[in-house]
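Worth knowing before you read on, the calculation uses all heavy atoms, side chains too, and leaves out hydrogens, waters and symmetry mates. Convention: sequence-line order gives letters A, B, ...; per-chain numbering from 1.
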Amino acid sequence: MNDDQRPVFLERHTYRRRRMKDAATLLPLLGAALISIPLLWLGEARTANVMLYLFGVWVLLAVLSALISRHLHTDDASDAEKDPQDVSDP
Amino acid sequence: MTILNVLILVCLSYVVFLFAVAFAADRAARMGRGAWLRSPVVYTLSLSIYCTAWTFYGAVGFAARSGLEYLTIYLGPSLVMIGWWWMLRKMVRIGRSQRITSIADMISSRFGKSNLLAVFVTVIAVIGTTPYIALQLQSVTLSINAFAQADPAGGGGMPNTQSTAFVIAMGLALFTIVFGTRNLDVNERHHGVVIAIAVEAVVKLFALLAVGVFVVWGLSDGIGSTLDRIDASSIATWDVSGSRWVGLTMLSAAAFLCLPRMFQVMVVENQDERHLRTASWAFPVYLMLISLFVVPIAAIGLELLPSNSNPDLFVLTLPLTAGQDELAILSFLGGFSSATSMVIVAAIALSTMVSNHIVMPVWLRLTGGTAVVSGDVRTVVLRARRLSIAAIVFLGYLYFRVSGGGAALAEIGLISFAGVAQFLPVLLGGLFWRGATRVGAVTGLSVGSLLWLYCLFLPSFGPGVILPQYVFDQGLFGLSWLRPYALFGAQGMDKVVHAVMWSMSLNALSFIVMSLASFPKPVERLQGAQFVNVFEHSRTGGTWTGGLAQSEDLLVMSQRILGAPQAQALFSKAARAQGLGGFLPEPSPDFLQTLERELSGSVGAATAHAMISQIAGGTAVSVKDLLAVADETAQIMEYSSRLEAKSAEQARTARQLREVNEKLTQISVQKDAFLSQVSHELRTPMTSIRAFSEILRDAKGLTSEDKAKYSSIIHDEALRLTRLLDDLLDLSVLESGQIAMNSQTGLLSETLDRAVAATGGATEGFAILRAPEDEQILLTTDLDRLSQVFINLIANARKYCDAEAPELRIRTKRENGMLIVDFVDNGLGIPIDHQSLIFEKFARVGETKAGGAGLGLAICREIMTRLGGGVSYIPGQGGAAFRVTLPDVQALAAQ
């Protein structure tokens, strides 16, 4: 009954926000993968280079998180409804 | 003036400044002016209590020992923050909707408000946090000692380490008590404390960045040369243990979620869920900045300072040896801020847990109930909290004294992390798995914390202190597979990773297995549904059964906890919502639930639950609640069933309206028909009267015979008109019920005699057959009206009976408590299609020889209805048959 009422295709902003939710869920996984990569360079790389890489990843993750979070509203538990605020978002 | 004295002066003024900031913020919040207190920036900064003195001093020491590995401690929480959408958001939402006061409260709430679990979590948290508090005290005393050592004019020698630590502990306890237990707030929010730690967050970040900038551009020659010097140092090679890299990242992520102090600022003090959005990127940036200069400081420190100097204090000793006293003091303030903010928040979080889950239940049991005790529970709660704070800080001090401040800072921090990380399986399971049960949670926590104690915490004191040396060598009871650092034969692992691996995996395993094997209680299932599906229905669970609860007792109890004005306001608001006046609402389930939530904000969910159940008698899970447990779509089902009920009601109303409308239409038609009938009936006699009176007036030469004939016609028609009008009047009076019935007592036979006589009696052409012996019945009713009915019926028979030898039989009998008088003639009777009409006004059957207005039977029916009986046509009697019924109470057999 519930499934029948859900639209199959979504209006553009709602669609965008859903994908942002997916991105928000996947971002920590991406982060975990990125900070594990230096383990492949064990014994070869220099501390200074790995440090630069890790801080670069850190900044990248923060920027991505900021970009994604801008599109997420904490109070939209139900997916289908349209948030009027969303219209003003770029 | 020595640098040590300057340091103490600066430190004291800094403390006074913090007190002032906290006081001003508290004041502003109380007066409702502090919108800036609730900004996302303040929230993000308050999260920085994650960075304690362990970070400020210890990170550099960590880096000096094992290179980049220290980053794991900050990368883990960063990952948690950027993954806020699926974990932190849920925790914060649940924390708000269930009024959670601590991590122990959250876990106990989730598993059926079990106080056992709450006590368990509290004890583990206290054990895990005490060393950490000791660590903070140690770092402050160490840093003061570093100043004393560096002080060239240090005539006073080394300050007493123990007394320094004691003074600091006292000061921290005082600050925490003053600002942490000022209000027994519904939401446990401490604006003063939050602002103070936000300020301290800025100070420590600024101090660390300042030292870093000094090291990179002051002691070294910019970024390029610093990187070269890192390359030349002993930590130049990227060489970490893979298991430690992954394990510590996961451990710090877990601890970030589970540390009582983090839970306090992240969930309990959260003002607005949207703040998480800002913190999701701002806090990782903060952590990144905090750890940015750690490796340069460590590398330069290793290079410049003598090899026997403590790397944990490089942040302080580098500026000191370079003669930068101001920078050193700033750095000291940073470390001091890190240490104090951690101790303050940890003490608040732990004291809430201790007082809500240990002191209050014990106190409640000792005093034997809430409704009967005297005194103010509020003061008891506050006192319990203050004592708990003092006790926790003192415990930390005690640990510091006993351990002697030996172990490296990073070690204690990791041990503490591993202890609180034991909450993670239960927390995650509770938030995402509805099948998690209380039994599973207790088992998992027990297994995990026992392993942590045995594999990490107790051995950390060193061989021979708590665990004897032979346990390390041969294992417990001489079983080699029980060696604390090589459990189940897991040799050669790092001891932290070893302990975390075994404790967490067995914790999770036993939690899952026992959850699968046990069956939850209804309250657990309900809370489980509410936690896991918090975004679908943010309602609270556990309906109270009212009735037994006494509103007055509840008010007395609430006043003691919430304070009299707040409690009275709450109660009178509830009473108004129920449509009652005064202060005492009905103890409805809704009200009890609201009250429980209010109380749980002050004393924790389990205690509030226990307090109300002492007065209200107990909870019941209603069918409606069970629906929520049983089915994900409970909400929809409830909604649709409500819709169904509503539409059924509307259908009923519509049907009623239709019926009324039909009746109205019929009545309108009847009225029209009646009016046309009346005018028709009046018109016929009027026409003849007019015609004959015109003849009399205009025609000449009428014989007196004609005149008499015409006059008598006019007279007859006038009589008929009069009769018609009389009947109409009679009927309308009867119908409107304005007529009064004169009750008389007489024999039925006499009434019948009168009626027969009035209609001309039995004649030769019309026989009336009666049974006089049956008619000896004494009646008490309006006999005149009754005889009017009889007359009508007899006259009708006389008029309409078309038999050769017409006769009327009058039979009387008593049946089923009714007196029945039948009038049956031997004519053709009334055709079936007319039988339903004969009692209507102006109803006349066919073209009959005798003229009548057709009102007689209608009048009869009205009269009989008024007398409490009725008149009806009975078919199949061999002629027209009318039955008059009267209730028997009015009839008595004649004596």
Side-chain angles (χ1 to χ4, degrees), chain A residues 1-6 17-18 20-79 81 85, chain B residues 63 67-68 71-72 74-75 78-87 89 92-93 226-231 233 235-242 245-246 249-250 253 272-285 287-288 291-292 295-296 299 534-536 538 632-633 636-637 640:
Chain A
M1 157 179 179
N2 197 12
D3 295 331
D4 297 343
Q5 291 174 353
R6 276 193 190 163
R17 209 172 58 219
R18 288 261 194 102
M20 285 301 120
K21 278 183 201 173
D22 298 346
T25 317
L26 293 173
L27 192 59
L29 295 180
L30 172 74
L34 285 179
I35 64 172
S36 306
I37 284 181
L39 291 179
L40 301 173
W41 314 329
L42 273 178
E44 294 167 23
R46 311 296 295 168
T47 294
N49 299 339
V50 176
M51 187 177 85
L52 291 178
Y53 167 79
L54 283 175
F55 280 99
V57 166
W58 216 329
V59 171
L60 174 76
L61 288 178
V63 169
L64 284 179
S65 177
L67 287 179
I68 291 169
S69 295
R70 265 178 41 157
H71 291 273
L72 293 173
H73 301 273
T74 48
D75 43 357
D76 48 3
S78 57
D79 304 319
E81 72 190 9
Q85 265 191 305
Chain B
L68 282 175
L71 278 179
T72 54
Y74 310 99
L75 286 171
S78 296
L79 290 182
V80 172
M81 272 326 287
I82 61 172
W84 66 288
W85 182 256
W86 66 272
M87 182 74 197
R89 190 173 66 110
V92 168
R93 175 69 67 89
T226 309
L227 289 178
D228 290 342
R229 289 168 87 161
I230 292 172
D231 240 3
S233 71
I235 52 171
T237 325
W238 163 242
D239 183 23
V240 297
S241 135
W245 183 258
V246 176
T249 307
M250 280 162 61
D272 191 331
E273 259 175 64
R274 277 170 299 187
H275 291 176
L276 277 175
R277 237 176 356 153
T278 308
S280 75
W281 60 267
F283 188 62
V285 167
L287 288 179
M288 193 268 289
S291 34
L292 190 58
V295 170
V534 65
F535 296 111
E536 278 84 58
S538 299
E632 304 278 349
T633 58
I636 297 157
M637 282 168 61
S640 72

Non-hydrogen atoms of Arg70(A) and Arg277(B) that approach each other most closely: O-NH1, 3.6 Å

Intermediate values then yes/no, side chain to side chain contact (heavy atoms under 4.5 Å, CB included), Val246(B) and Leu39(A): CA-CA 9 Å; Val246(B) 176; Leu39(A) 291 179; 3.8 Å; yes

Donor-acceptor contact present, side-chain Ser65(A) to main-chain Ser280(B), <3.5 Å: yes

Heavy-atom pair of closest approach, residues Ile35(A) and Trp245(B): O-NE1, 2.9 Å

Over 12 foreign heavy atoms within 6.0 Å of CE, Met250(B): no

Partner residues of Asp22(A) under the salt bridge (Lys or Arg N to Asp or Glu O under 4.0 Å) criterion, sequence neighbours left out: Arg19(A)

Contacting moiety of Phe283(B), where chain A heavy atoms sit under 4.5 Å: neither

Phe55(A) vs Ser291(B), side chain to side chain contact (heavy atoms under 4.5 Å, CB included): CA-CA, chis, key distance, verdict: CA-CA 9 Å; Phe55(A) 280 99; Ser291(B) 34; 4.2 Å; yes

Approximate separation, where rounding is to 0.5 Å, of Asp231(B) CG and Asn49(A) CG: 7.0 Å

Chain B contact via Leu64(A) - which portion, at a heavy-atom distance below 4.5 Å: neither

Distance (rounded to the nearest 0.5 Å) between Leu26(A) CG and Ile82(B) CD1: 11.0 Å

Top of Ala66(A), Ser36(A), Ala48(A), Ala32(A) for chain B proximity - count of heavy-atom pairs under 4.5 angstrom: Ala66(A)

Contact summary for Met51(A) and Leu68(B), nearest pair of heavy atoms: N-CD1, 3.7 Å

Contacting moiety of Ile230(B), where chain A heavy atoms sit under 4.5 Å: side chain

Nearest atoms (heavy-atom pairs only) where Trp58(A) meets Pro284(B): NE1-O, 3.4 Å

Gap between atom CG of Leu34(A) and atom CG of Leu75(B) - 0.5 Å precision: 11.0 Å

For the student: nearest non-hydrogen atoms of Trp86(B) and Thr25(A), plus distance: CD1-CG2, 4.0 Å

Where Ala62(A) and Val285(B) come nearest, the two heavy atoms and their spacing: CB-CG2, 3.6 Å

Interface moiety of Leu61(A) toward chain B, non-hydrogen atoms closer than 4.5 Å: both

Qualifying residues under side-chain hydrogen bond (donor to acceptor under 3.5 Å, both in side chains), relative to Trp281(B), sequence neighbours excluded: none

